[in-house]
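I have placed the structure first, in the form of structure tokens, so that the comments after it can refer back to it.
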Amino acid sequence: MPQVSTASAPPAASRRLQVLPRILAAILGGYVFAWGTVALTTSALFAVKLAFHDAEFLGALVGLLAYLGAFLWAIATHHVARLWMVLVGGGALMAAAASLLQSRLV
Amino acid sequence: MFNSFRQAMAWLHTWFGLVLGFVLMAAFFFGALSVFDREIDRWSIPATRIEPQPMPSFDAVLRPAFERMQPTAEAIAAMRPMVNGDMPKRFDQVGSWSAYTTHRDPVLALYAGYDVPNAKNPDEQIWAYATIDPRNGKALPDDQLKIGSGFFFPLHYGLTLDWKNLGVWIVGFSALVMLAALVSGVVMHRKLFREFFTFRPGKARLRSVLDLHNLTGVVALPFHFFFALTGLLIFAGTYYFPVGHTQLHGLHDLHEQVEARETGLPHTRAGVAAGLASVDAMVAQAQRRWQAHDKAGDVGFLVLQHVGDANGYVSVYRAGTDRIALVGDGIHFKAATGELIREDPPATPVARMNEFLTGLHLQHFRHWLLRWLYVLGGLAGATCIATGFIFFVEKRKRQHAQQGRQGARIVDALAVTTVTGMVLATLGILIANRLLPEALPARGDWERYAFWGTWALALVHAGWRSAPVARGLVNPAWREQCWAIALFALAAVLLNGMTTGDHLLRTLAQGYWPVAGVDLSLLATAVIAVMAARKVGQRMRATVAQAPREEAVHA
């Protein structure tokens with residue numbers, strides 16, 4: 001296992017300050033992003049004539065993997081502002097697109 | 001913040017693994033026990049120690065049993081606020097009757113849902129539950145705690161924290177962290193393949209702990225990934241991402257209308273009374289139809305909808321004992337006439353994938369070797385997490401001792417509680433199950449208290465004995481709790497023999513494996529615990545020899 005603390009790492013207190021927004025982004029931002037992915041995948045697949053529960057299942061599968069990807073990215077990235085923008089903004093956009101699709105179909 | 005991707009992944013692996021590892025241990029361990037939940041049920045409810053039975057005759061056995069059922073006083077009291085005006089004395093309009101069994105169930109679970117007059121929500125149903133002996137329809141006590149399927153199993157996915165489904169969310173988040181820990185673990189270890197074959201038990205302590213961590217993590221990597229992911233998938237639509245019930249409710253409703261039209265299965269009552277044709281004849285016809293498709297003909301689930309109404313129908317579902325996929329192959333009949341309404345069409349490719357993934361997680365199939373491999377996989381997961389804790393502690397212990405910090409000490413005490421304490425709690429509930437008087441009111445609650453009480457005591461004990469860790473030594477609670485496990489496991493086996501007469505000599509001679517298997521597993525637990533206790537004892541003496549100033553403490 002590589003050592004977490006290296007000589008060039010910042011001191012513990014400032015580390016803690018930096019790590020909090022990432023944890024929040026990973027958990028909350030990741031959830032918003034995953035929700036958007038689930039909703040958009042589900043409604044898009046339903047729109048192309050997949051059965052609802054099939055669309056729902058694939059939506060959940062893709063959404064969970066998106067959550068995992070978002071989670072890892074949130075911890076690793078150097079750009080915290082961009083991270084928040086993509087996760088929350090992207091999640092909201094996808095959710096809005098899903099609702100728009102639904103209004104066209106129902 | 002991190003210099004490299006690998007460093008970020010190491011941080012995530014260490015800290016999320018540490019915080020959520022405690023939950024994951026419980027999910028893995030009780031999941032492994034849930035593989036044999038029905039067998040643990042037999043051990044804990046001696047009155048049900050009989051051979052598994054097929055679904056009995058509806059006309060002769062089930063119907064009289066259903067007709068005897070009524071909601072309990074507690075269920076009626078709980079329903080009162082949902083109703084305008086008074087509650088009726090009896091509930092006679094049956095929404096549904098259903099019976100469920102598996103190839104490992106000697107007893108049959110019955111569910112009855114009744115329409116509630118004057119309910120604020122017109123779709124409201126009040127439920128009654130019963131457990132019967134399928135050989136004669138006799139009601140068995142339904143208030144006894146099924147420790148396997150009714151306690152260890154829900155503990156595995158929801159920690160039995162039912163308030164706002166909090167436990168389901170905690171376990172779900174831990175499963176996501178498990179996935180992240182697996183990915184980050186792989187990133188951390190470039191020489192992944194070599195670690196398949198590396199275990200150096202004799203090497204320096206830190207190295208051998210890490211070897212075991214990597215070995216159990218890497219060898220069973222597909223198993224861990226699969227179970228964490230499918231566990232999330234099973235609950236995704238209901239709890240984690242309920243888009244169909246919320247944001248996309250419109251699409252869901254649209255689908256239901258189309259489905260009701262296509263299947264011809266009535267959604268509501270007609271309001272016209274009607275009789276019930278022979279359900280046994282419908283079951284026989286369903287079995288002939290399955291046979292024609294070359295499928296095993298055991299009935300797993302039998303449902304009667306809108307009982308006594310002209311819209312009533314009977315659905316017969318197959319028990320999927322012969323394949324991994326969790327299938328139903330439902331066949332539906334008109335209740336009044338027995339005429340075939342519909343045969344479920346073959347599943348779509350996506351639905352087949354869903355059935356396969358959830359079926360592989362929930363394992364309703366009949367394959368005992370695979371069942372044991374599941375247990376091994378679950379225990380490998382638990383070992384992987386436990387060695388993760390120990391590695392965390394061992395790596396920091398001396399440094400923390402020099403700096404006078406308590407971190408390693410606290411984590412070590414929690415690790416004791418999670419590893420040996422969890423096993424003790426499991427044995428505690430089994431012992432309580434055999435010691436509490438049969439007629440004790442709310443007996444199941446007392447059994448639960450015994451479980452949590454034992455676990456709490458294990459925490460107190462681990463904390464109380466933890467001082468040596470702050471000096472870079474071993475917490476004696478590890479060894480003491482191992483001895484306690486050995487004693488508890490032996491006590492459980494002895495108590496089972498004494499209170500039920502089903503000691504190992506008898507169950508082995510009769511080949512009654514559910515109870516013999518639990519007893520043998522308990523004995524194996526005791527043996528492993530003794531070996532572990534002796535091993536920890538050796539290590540303690542070795543470290544004390546290194547640090548002579550500590551001798552007085554351990555003399």
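Order of the sequence lines sets the chain letters (A, B, ...), proteins ahead of strands, with each chain counted from 1.
- The nearest pair of heavy atoms linking B:Ala8 to A:Ile75 is O-CG2, 3.6 Å.
- Ranked by heavy-atom pairs under 4.5 Å with chain A, the first of B:Leu232, B:Leu233, B:Thr348 is B:Leu233.
- Scanning residues 16-23 of chain B against chain A with a 4.5 Å non-hydrogen threshold yields B:Phe16, sorted by number.
- Summarising the geometry of B:Met353 relative to A:Leu58, their closest heavy-atom pair is CE-CD2, 4.3 Å, with the distance given to 0.1 Å.
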Begin with the C-alpha distance, continue with both residues' side-chain angles, and end with the deciding distance and a verdict on side chain to side chain contact (heavy atoms under 4.5 Å, CB included) for B:Leu251 and A:Glu56. CA-CA 10 Å; B:Leu251 292 185; A:Glu56 202 184 21; over 6 Å; no
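- Neither the backbone nor the side chain of B:Val258 comes within contact range of chain A, judged by heavy atoms closer than 4.5 Å.
- Using a 4.5 Å cut-off on side-chain heavy atoms (C-beta onward), A:Phe46 and B:Leu254 make contact.
- A pairwise comparison of heavy atoms in A:Ala60 and B:Ala236 identifies CB-CB, 3.7 Å as the closest pair.
- Contacts of A:Ala34 with chain B are made by both backbone and side-chain atoms, with heavy-atom separations under 4.5 Å.
- Between B:Leu248 and A:Ala98 the shortest heavy-atom distance is CD2-O, 4.1 Å.
- For the options B:Val183, B:Leu179, B:Leu12, B:Asn354, heavy-atom pairs under 4.5 Å to chain A are most numerous at B:Asn354.
- Most heavy-atom pairs under 4.5 Å with chain B: of the set A:Leu61, A:Val80, A:Leu50, this distinction falls to A:Leu61.
- Ring to ring, A:Tyr31 and B:Tyr240 are not that close: their centroids are 6.0 angstrom or more apart.
- Here the CG atom belonging to A:Asp54 is positioned 9.5 Å from the NE2 atom belonging to B:His255, to the nearest 0.5 angstrom.
- Counting only heavy atoms from C-beta outward, the side chains of B:Ser184 and A:Phe71 never approach each other to under 4.5 Å.
- Separating the CG atom in A:Leu68 from the CG atom in B:Leu229 is a distance of 8.5 Å, to the nearest 0.5 Å.
- For the pair A:Val19/B:Trp11, a side-chain contact is recorded, criterion being any heavy-atom separation below 4.5 Å from C-beta on.
- At a 4.5 Å heavy-atom cutoff, the contact between A:Ala95 and chain B is made by backbone and side-chain atoms alike.
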Take B:Leu357 and A:Phe57 through the test side chain to side chain contact (heavy atoms under 4.5 Å, CB included) and record every step on the way to the result. CA-CA 11 Å; B:Leu357 291 180; A:Phe57 170 76; 3.8 Å; yes
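- Side-chain contact check for A:Gln102 versus B:Gln247: every heavy-atom pair is 4.5 Å or farther apart.
- With a 4.5 angstrom heavy-atom cutoff, B:Ser4 does not touch chain A via any of its atoms.
- A pairwise comparison of heavy atoms in A:Trp35 and B:Pro242 identifies CZ3-CD, 3.5 Å as the closest pair.
- With a 4.5 Å cut-off on non-hydrogen atoms, B:His249 touches chain A through its backbone but not through its side chain.
- Separation of atoms CZ (B:Phe5) and OG1 (A:Thr77) is listed at 10.5 Å; rounding is to 0.5 Å.
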